[in-house]
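Each remark here refers to the structure printed beneath this line.
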Amino acid sequence: MPCAPVLALVRYASSLQLIVAPMSPFFESPAYLEAVARLEYALQRHDRVAVLTGVVGSGKSTLLEKWTAKLRREGAIVPYLRTPGTFEHDFLWDLAIQLKANVGLVTTPAELWFEIREQLVAYTLEQRPIVIVVDHVEEIARETADILLTLARLHCGTEAAGTLILSVDSQHLHAFDTRLLRLADLKIELEAWNSDDIAQYTQAYQAAHPEANLTLDQAAVEAVSRYSDGLPRVISQILDLSRLALEANESASVTPETVEAIREELL
């Protein structure tokens, strides 16, 4: 087992949340590429609603951030709303701002909704692609779900309209608003990484941190796979903490025992 100073450092870093992922470096895993391809397919078909699911830590938010940035560079209108559990007014305000609607001194939900619809119609007439992305839909309030239903029914699903992309943790899919689920044309499951994916990611990680000279053999990679359940967020945390621990221990080799100790501290 790793020595006490190493474990103490791991406990210190994890307890103070010094290691918080997004995944670093970013890795386009086969699961990521497959999910993006299916999202692109939903846009090509002009689907009304597509649902992206996956367990917590599977990389849904990272995928959406990267993908929406690409769509914007290509000229699409892409509001990305990350906090759907907020009040109706806050949700509408965020959507209106991202759509660049003329909200001015608008204050009521009805006024915000009017400006949003006017802006959506304007983009449609300009033939600008519209993709409305809503992350963490498992936290959604009923009144916000009503807004999404109206958006989907009036402004999504035709060649001249947009597509609504909803992201929800698969553990909470049973509680997902069934009205929205019935409108979904496509459901995309973001798969966990396998050992080959993790091995490729560790190579990318080593290249991104050459000063650490971090080394993982196949046994260590298998341990990372086993203790992370293939979740990118946990894998990134394990490697970050391994790097810190090995720097403190003046070693460059990650062992399965090191991975096991780190994972126990993260639980």
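Throughout, residue positions are numbered sequentially from 1 according to the sequence presented.
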Quiz item: Residues two or more places apart in sequence or in another chain: which of them pass side-chain hydrogen bond (donor to acceptor under 3.5 Å, both in side chains) with Glu115?
Solution: none
Does a side-chain heavy-atom distance below 4.5 Å link [X] with [Y]?
X      : Y      : result
Ile165 : Ile132 : no
Leu216 : Gln206 : yes
Leu92  : Ile116 : yes
Trp93  : Pro109 : no
Ile262 : Tyr227 : no
Asp240 : Tyr205 : yes
Leu241 : Leu239 : no

Exercise. Quick one: name the residues clustered hydrophobically with Leu125, using the 4.5 Å side-chain heavy-atom rule over I, L, V, M, F, W, Y, and just say none if it's on its own.
Key: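 Noted: Leu125 shares its cluster with Val121.
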Quiz item: Are Tyr80 and Val134 close enough, and set up right, to give a side-chain contact (heavy atoms from CB on, under 4.5 Å), and what steps lead you there?
Solution: CA-CA 6 Å; Tyr80 182 9; Val134 188; over 6 Å; no
Where the side chain of [X] meets the backbone of [Y], is there a donor-acceptor pair that is under 3.5 Å apart?
X      : Y      : result
Asp177 : Arg179 : yes
Thr202 : Ala199 : yes
Lys187 : Val51  : no
Tyr123 : Leu99  : yes
Gln119 : Lys100 : yes
Thr178 : Leu181 : no
Asp229 : Leu231 : no

Is there a chain of hydrophobic side chains (I, L, V, M, F, W, Y, each step under 4.5 Å between heavy atoms) that links [X] to [Y]?
X      : Y      : answer
Tyr41  : Leu183 : no
Leu154 : Leu164 : no
Val56  : Ile235 : no

Starting at [atom1] of [X], measure out to [atom2] of [Y] and round the result to the nearest 0.5 Å.
X      : Y      : atom1 : atom2 : value
Ile188 : Leu52  : CD1   : CG    : 6.0 Å
Gln203 : Phe27  : CD    : CZ    : 9.0 Å
Leu63  : Ser58  : CG    : OG    : 9.0 Å
Leu120 : Ile77  : CG    : CD1   : 10.0 Å
Asn102 : Glu118 : CG    : CD    : 10.5 Å
Leu95  : Leu81  : CG    : CG    : 5.5 Å

Quiz item: Charged N to carboxylate O below 4.0 Å: is that the case for Arg82 and Asp94?
Solution: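 Looking at Arg82 and Asp94, the cut-off is not met.
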Can you find a side-chain donor-acceptor pair between [X] and [Y] that sits under 3.5 Å?
X      : Y      : result
Glu222 : Ser225 : no
Glu88  : Thr144 : no
Asp196 : Gln200 : no
Asp197 : Ser29  : no
His46  : Gln44  : no

Quick check: closest heavy atoms across [X] and [Y], and the distance to 0.1 Å?
X      : Y      : value
Thr53  : Ser170 : CB-CB, 4.3 Å
Asp169 : Lys60  : OD1-NZ, 2.7 Å
Ala220 : Pro256 : N-CG, 4.1 Å
Gly75  : Pro129 : O-CD, 4.4 Å
Pro232 : Gly57  : CD-O, 3.2 Å

Practice problem: Give the ring-plane orientation class for Trp113 versus His155, where under 30° counts as parallel, over 60° as perpendicular and anything between as tilted. | Solution: perpendicular
Quiz item: Which pairs with one or both residues in residues 68-78 pass salt bridge (charged side-chain N to carboxylate O under 4.0 Å, His left out), sequence neighbours excluded?
Solution: Glu40-Lys70, Lys70-Glu74
Quiz prompt | Of all pairs that satisfy salt bridge (charged side-chain N to carboxylate O under 4.0 Å, His left out), the ones with a partner from residues 42-51, not counting sequence neighbours | solution = Arg45-Asp47
Quiz item: Could you walk me through whether Ser61 and His136 pass the side-chain contact (heavy atoms from CB on, under 4.5 Å) check?
Solution: CA-CA 9 Å; Ser61 295; His136 298 296; 3.7 Å; yes
Table please: side-chain donor-acceptor pairs of residues 31-39 below 3.5 Å, with sequence neighbours left out.
none

Exercise. Given side-chain contact (heavy atoms from CB on, under 4.5 Å), test Leu64 with Ser167 step by step and report yes or no.
Key: CA-CA 9 Å; Leu64 290 174; Ser167 173; 3.6 Å; yes
Quiz item: Is the Lys NZ or Arg CZ of Arg117 less than 6.0 Å from the centre of Phe114's six-membered ring, within 45° of the axis?
Solution: no
Quiz item: By ring pair (Phe, Tyr, Trp, His ring centres under 6.0 Å), which residues pair with His89, not counting sequence neighbours?
Solution: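 So His89 forms no ring pair (Phe, Tyr, Trp, His ring centres under 6.0 Å) with any residue.
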Quiz item: Passes side-chain contact (heavy atoms from CB on, under 4.5 Å), Leu148 versus Leu166? Steps please.
Solution: CA-CA 10 Å; Leu148 295 180; Leu166 305 177; 4.0 Å; yes
